[in-house]
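Numbers restart at 1 for each chain; the letters A, B, ... are given by sequence-line order, proteins then strands. Only this structure's heavy atoms are used, side chains among them; waters, hydrogens and symmetry mates stay out.
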Amino acid sequence: MSKKSFRQALNEAMRQEMERDPTVIMMGEDIAGGMGAKGEQDAWGDVLGASKGLLPKFGRERIYDTPISESAFIGAAAGAAINGLRPVAQLMFVDFFGVCGDQIINQMAKFRYMFGGKATTPVVIRTLFGAGLRAASQHSQCLYPVFTHIPGLKVVIPSSPYEAKGLMIQSIRDDDPVIFFEHKAMYADTDEVPDESYTIPLGKANVSRRGTDVTIVAIGRMVKFSIQAAEALAKENIKCTVIDPRTTSPLDTATILESVAQTGRLVIVDEASPRCNVATDISAMVAQSAFKSLKAPIRMVTPPHTPVPFAGELEDLYVPNPARIQAVVSEVVRYH
Amino acid sequence: MSKKSFRQALNEAMRQEMERDPTVIMMGEDIAGGMGAKGEQDAWGDVLGASKGLLPKFGRERIYDTPISESAFIGAAAGAAINGLRPVAQLMFVDFFGVCGDQIINQMAKFRYMFGGKATTPVVIRTLFGAGLRAASQHSQCLYPVFTHIPGLKVVIPSSPYEAKGLMIQSIRDDDPVIFFEHKAMYADTDEVPDESYTIPLGKANVSRRGTDVTIVAIGRMVKFSIQAAEALAKENIKCTVIDPRTTSPLDTATILESVAQTGRLVIVDEASPRCNVATDISAMVAQSAFKSLKAPIRMVTPPHTPVPFAGELEDLYVPNPARIQAVVSEVVRYH
Amino acid sequence: MQLSRDDLTNAYTKMRTIRVFEERVHKEFATGQIPGFVHLYAGEEASAIGVCMQLNGVDYITSTHRGHGHCIGKGCDVGGMMKEIYGRQDGLCKGKGGSMHIADVSKGMLGANGIVGGGPPLACGAALAAKQRKTGGVAVAFFGDGAFNQGTTLEAMNFASVYQLPVFFVLEDNGYAESTSSDWSIGGHNPVLRARGFGIPGERVDGHDFFAVYRAAKEAIDRIREGGGPQFLHIEFTRYYGHFEGDAMTYRPPGEVTEERNFLDCLSFFRARVTSGGLLENNALDQIDRNITQLIDKTVADAKAAAPPQASELTTDVYQSY
Amino acid sequence: MQLSRDDLTNAYTKMRTIRVFEERVHKEFATGQIPGFVHLYAGEEASAIGVCMQLNGVDYITSTHRGHGHCIGKGCDVGGMMKEIYGRQDGLCKGKGGSMHIADVSKGMLGANGIVGGGPPLACGAALAAKQRKTGGVAVAFFGDGAFNQGTTLEAMNFASVYQLPVFFVLEDNGYAESTSSDWSIGGHNPVLRARGFGIPGERVDGHDFFAVYRAAKEAIDRIREGGGPQFLHIEFTRYYGHFEGDAMTYRPPGEVTEERNFLDCLSFFRARVTSGGLLENNALDQIDRNITQLIDKTVADAKAAAPPQASELTTDVYQSY
Ligand SMILES: Cc1ncc(C[n+]2csc(CCOP(=O)(O)OP(=O)(O)O)c2C)c(N)n1
Ligand SMILES: Cc1ncc(C[n+]2csc(CCOP(=O)(O)OP(=O)(O)O)c2C)c(N)n1
Ligand SMILES: [Mg+2]
Ligand SMILES: [Mg+2]
């Protein structure tokens, strides 16, 4: 156990799995870095440095830097998975899925079903997402609702370094295609993280905080913000349960429904664009299955229906923050 | 006014707009057909024949058959729109958006915002969607939730030949990028359709049927099925309002909320995969905004979370049908 | 190039199996009993067989929407294929895939593919795994002239080139992508040069001539197995039926298919060559023809009689665990 | 090739403007006041200017994440650019786009682009519209060595070739895509041959030499305007700064940049050539340098002092109507 950043936690997870299982390989643009160049190899270790140090340990037979051709190498990850490997491929920013979406959505996601259960495609696609770094409209999207929508994919969104490590190890061991979302604004967050290998099951929510007044379900970076809001609300004697689903597909509906049965009030915090996102998904599930329990309207805290703006002043308004969450939760608790 | 099929209605809409406005062009694979071949030109008129007959009228300066390279020509449609044309590009099946998604999602959708309001991109992307033709997992998806999720796009889904013509003409005249969904299993449906040009505004729902017991919101082909269910229910003296939003982005929330305020009961019928789809979107909107009105849980009628199967026996179970809609509506009406 | 009597018999049997299979599917489709989109391979048999005869158990292929020939070439069970096309529980994919998605991963057949250009990236991955795991395996990506303009195919060629992967890129140029001529759609009109632009050597062959395809495929795959990196082959021929069943083919000049069938048919050509050269006898070939007709009759009868998938199958096979 | 005194002055002024702009952004970025990802064009000036000097009001360009040079080449307002980079209300895109999305459609500059390979399809569309509307316009797609392996770029080349569109494909090969060498990533190592594989003629030029770029661009664009269809140019040079600001560039051998700066700098090269040839005088060039430094000083001061966007701007400009 020691303090580790989100980046370090991911690095450790990938290293430990590559040590344990020789069929795990890595692919991606500058995933090591320096390919074909005359200077340092492993110069980048991916764009934010999470895979740095793996190249010296595992060599170019396990770590494949790729040309910029996401369709080719994401598709190759699927093809390699069918032929006995367990690739961890990086789609650098999830915003780029538009150039390779077919290999994810129509190929790896559907093999098993289309082939009558006779294919297994153990691929992990790691990908950066989320706003907060002034990276503007094409490098700040969440887009996990798109992948959650597609049957055949699993969608994992860790909310802390501890979660990141355990979920990454489990994702690599999982036999289905997993899209693993890493919030770029959380890379420097630190946490107590065990040194040894451990797994966190996919499809099991984490209840970060228990309170009887209201249930907050939050995704990814919004979990931290929701806990901050809950702490502030605790001072006003409002007791919040904060649920981190960890994975949006599968979704642990039981834990959410159980909590709503107790609190009768639900706020969902989702950094994704508001239409057809995970907040609407969970809201609809609860509205359908826990109608009798509800004492107040289900409220969603999300960005507006706009691309992500560049200027910091606008981006800060765009992303949900603890103060906004707190305000909405207060309203929900006061609702009669 | 005369009986016209969905196909004919689309054809007429495109023809009339091309006549009216010389800047309207068409692009797509086999949109005319016979390109470079020695036999008949206009041999296909797109894969299901909706643009047949336009080539002889407008010639190859207005009708661009393309090589199979969706990124190139969908992107070219966006580039041509910025340079003064109004392209109508066909993405043959919406399932193929994975090979060209970036040009839609990150380019045309975001130009206006990223460029500070200084770009206008009047593109229509027509695309086939939906199950029912035994076309299996890669040619039967709905996927409009994905486009509804993306700010900057408009999403139009006509539910009949009449709607198809008026919405297509309006979409071509619209100055924002529009994704226009054509259900392939509706191509032979017929309707009374005016011969002259007319428009239906985007963002204004159609209330196909009014009743005070329950509100059914249905999308695309599901509108017809919902009306059938409503007719059957009328015999049991259950009076349904059936709302066809026509466009999921923008969404006419006012019409839906008004009706729910009256009926207190809501069923949403969506042929798209169930997670993060339009049914969840509308449900969440209503659960947030009309809580006090609701007398029963909001129910969603959707396919299961699986790819679309090939075998007819399975596909018929997959797609929501009038009987299933009727059963769910009955339950909702009886709920106390 | 030595082809034994067994090899020749095998080649002929497999090509004829494809032909009879496809002609029969064509006929049955017209009766309305076969659902969905069906794309027939008749006329292109020399490609699937000339190439797949070079392959063995460690090798993989990726296919296209026009996949029946590749399946047969790679050894998929013909009865299971026919049942799949009819959407039956015992079909190769339990009736969930259909014609456009027939696959048998255990045979190294990674699926027909409904997405034009969907296969080449997958082939790169299978090849990368073969190289990394040192299985000696090769991956073949079959794709059409239309698919040759798709970004996924072009990226895959570059990717394979950069990593010198054991991939064989086989361009099946049947003259059309749907109704669009390949003479028009392939900018530059020189596929072999285009492949060279990615650093991949290749050649063009006449796809009506099984022996030409066999020879070129053998040389290419031998080079690949010796570590020579990816290779390319441009095979030219025609398809005998419409793009899919239902296509009236008005974009083709009248008589084009008849002429090809009469004067350039790969099976007639093969038969003439082996009989005139004294390698196989007409009556042995006739016997093969009869056997195959019987076999296909039986697969159709079996498929028609077979049970459709059970309702519970709708929601299985989505995930390994969920 | 005749370049008048005015042309030469103009070329030098614009190249120097880019250089000073970029060096200043580099410096200011280090102080932490410039947000987001910033990719600098210093070292590559001869491309943007050598090419854009051939263009006029009916022409369009598409750019990349490394777009400042192209903006200046196509005539975007330098003050508006700097404000955009600082995220100000008066920036070229109201502060909503930032460095990676600077655009000015009214100037024919269709945007820097955060997506590698995002631009070439757009350029095809602008060219198609120009051809269809008979404006005489040309579209230039600038893209990097990394982008040359992206399917979107390759598809666009085929599309332009098939329709003989007036597109100029300009490959700016600065040796690296992020930390990956272009010697490795471009399979076949022969971009000009690859372009020919799509039926597009092209040549390679030394990007340190403005005159070489100018000459090649002029010839290509003249051919395009005469209806010769798409053309290709492979420009080789280096970038002086990291991939983005913050990149330590350890993948480059020590001294690589210094050597290029000292011996192959396009501005020094230009100056030496025009002064030794008696075409322009050193003191005139010095004066230009001083003027530009002043200009950029002012744009930075203005940008720092400028107001950020108002909160209400968050939700405007998504749609024309909604
Ligand atoms: C990405 C994508 N675009 C378009 C289609 C529709 N489509 C199916 S087959 C086909 C033509 C393919 O032509 P070619 O590659 O030459 O193969 P062939 O049919 O001639 O065997 C097209 C356009 C598709 N399935 N996938
Ligand atoms: C589709 C996509 N993939 C990856 C990236 C991340 N990325 C940004 S710039 C870059 C390198 C581009 O290299 P090159 O085309 O040579 O341009 P240069 O940076 O050298 O000017 C990469 C990989 C991206 N922005 N878009
Ligand atoms: Mg073809
Ligand atoms: Mg570069």
Side-chain angles (χ1 to χ4, degrees), chain B residues 22-23 25 27 35-36 60-62 64-87 89 99-100 102-103 105-123 151-154 174-177 201-203 249-250, chain D residues 58 60 62 84 89 91-98 100-106 108 110-115 117-133 135 137 139 150-160 162-163 165 309 313 316-322:
Chain B
T23 67
I25 63 162
M27 308 173 80
M35 193 74 195
R60 294 259 182 223
E61 295 252 307
R62 304 276 301 276
Y64 292 85
D65 279 28
T66 66
I68 305 178
S69 43
E70 285 84 359
S71 284
F73 80 80
I74 299 275
I82 289 197
N83 196 356
L85 298 181
R86 302 185 88 83
V99 298
C100 62
D102 188 72
Q103 293 293 329
I105 283 174
N106 281 328
Q107 309 296 334
M108 62 178 80
K110 295 183 172 47
F111 282 162
R112 192 167 176 77
Y113 196 80
M114 294 191 304
F115 300 170
K118 290 175 197 154
T120 305
T121 316
V123 176
L153 300 177
K154 289 177 177 166
D174 196 276
D175 279 331
D176 293 308
L202 309 188
S249 181
Chain D
V58 295
Y60 285 87
T62 62
E84 188 57 35
Q89 172 82 43
L92 268 187
C93 306
K94 297 197 196 161
K96 293 181 178 182
M100 257 196 298
H101 305 294
I102 309 188
D104 189 343
V105 176
S106 70
L110 301 182
N113 209 311
I115 304 298
L122 301 170
C124 287
L128 184 146
K131 189 173 179 184
Q132 204 263 1
R133 298 172 57 219
T135 64
Q150 184 69 286
T152 53
T153 306
L154 301 166
E155 282 189 13
M157 293 182 68
N158 187 62
F159 187 73
V162 160
Y163 271 109
L165 298 176
E313 283 293 341
T316 61
D317 300 326
V318 183
Y319 296 92
Q320 188 99 359
S321 65
Y322 196 63

If you take all heavy atoms of B/Val99 and B/Glu70, which pair is closest and at what distance? CG2-OE1, 3.5 Å
Among D/Gly118, D/Gly151, D/Pro121, which residue has the highest count of heavy-atom pairs closer than 4.5 Å to chain B? D/Pro121
For each of B/Asp102, B/Thr66, B/Ile68, B/Ile25, tally heavy-atom pairs with chain D at distances under 4.5 Å, and name the one with the top tally. B/Asp102
Note: B/Lys110-D/Asp317 ion pair, threshold 4.0 Å (strictly below): no
Shortest non-hydrogen contact from B/Asn106 to B/Met114? O-CE, 3.9 Å
Does B/Thr120 reach the main-chain N or O of B/Asp176 with its side chain, forming a donor-acceptor pair under 3.5 Å? no
B/Phe111 portion near chain D, given a 4.5 angstrom heavy-atom threshold: side chain
Using a 3.5 Å distance criterion without hydrogens, assess whether the side chain of B/Ser69 forms a donor-acceptor pair with backbone atoms of B/Pro67. yes
Below 4.5 Å, heavy-atom pairs only: which of D/Gly97, D/Ala126, D/Gly98, D/Ala123 has the largest tally toward chain B? D/Ala126
If you compare all heavy atoms of B/Phe73 against all heavy atoms of D/Phe159, which two are closest, and at what distance to 0.1 Å? CB-CE1, 3.9 Å
Which pair of heavy atoms, one from D/Val105 and one from B/Phe115, lies closest together, and at what distance? CG2-CD1, 4.1 Å
Do you know which of D/Ala103, D/Cys124, D/Gly117 has the most heavy-atom pairs with chain B at a distance under 4.5 angstrom? D/Ala103
Cut-off 4.5 Å, heavy atoms of chain B, and the answer for D/Val162 is side chain
Distance only, no hydrogens: is a donor on one side chain within 3.5 Å (strictly under) of an acceptor on the other, for B/Ser249 and D/Tyr322? yes
Contact part of B/Lys154 toward chain D, heavy-atom cut-off under 4.5 Å: side chain, backbone, both or neither? both
Is chain D contacted by the side chain of B/Met27, its backbone, both, or neither, given a heavy-atom distance below 4.5 Å? side chain
Per-residue tally against chain D (heavy atom, under 4.5 Å) across B/Glu61, B/Gln107, B/Arg62, B/Met35 peaks at B/Gln107
If you count heavy-atom pairs within less than 4.5 Å of chain B, which of D/Lys96, D/Met157, D/Lys131, D/Met100 leads? D/Lys96
Just checking, any donor-acceptor pair under 3.5 angstrom between side chains of D/Gln320 and B/Asp174? no
Considering only heavy atoms, which portion of B/Thr23 lies under 4.5 Å from any heavy atom of chain D: side chain, backbone, both, or neither? neither
Let me know if D/Thr153 has heavy atoms under 4.5 Å from chain B in its side chain, its backbone, both or neither. neither
Smallest separation among heavy atoms of B/Ala78 and B/Val123, with atom names: CA-CG2, 3.8 Å
Note: vs chain D, highest number of non-hydrogen pairs under 4.5 angstrom among B/Pro122, B/Pro177, B/Gly75 is B/Gly75
Part of B/Leu153 lying under 4.5 Å from any heavy atom of chain D: backbone
Side chain from CB out, backbone as N, CA, C, O: work out which of these in B/Gln103 comes under 4.5 Å of a heavy atom of chain D, or both, or neither. side chain
I'd like to know if B/Asp65 pairs up with B/Arg60 as an ion pair, taking the criterion as any Lys NZ or Arg NE/NH1/NH2 lying under 4.0 Å from an Asp or Glu carboxylate oxygen. yes
Count the heavy-atom pairs under 4.5 Å between each of D/Asn113, D/Leu110, D/Leu122, D/Leu92 and chain B, then report the option with the highest count. D/Leu122
Which atoms of D/Tyr319 come close to chain B, meaning under 4.5 Å heavy atom to heavy atom: side chain ones, backbone ones, both, or neither? both
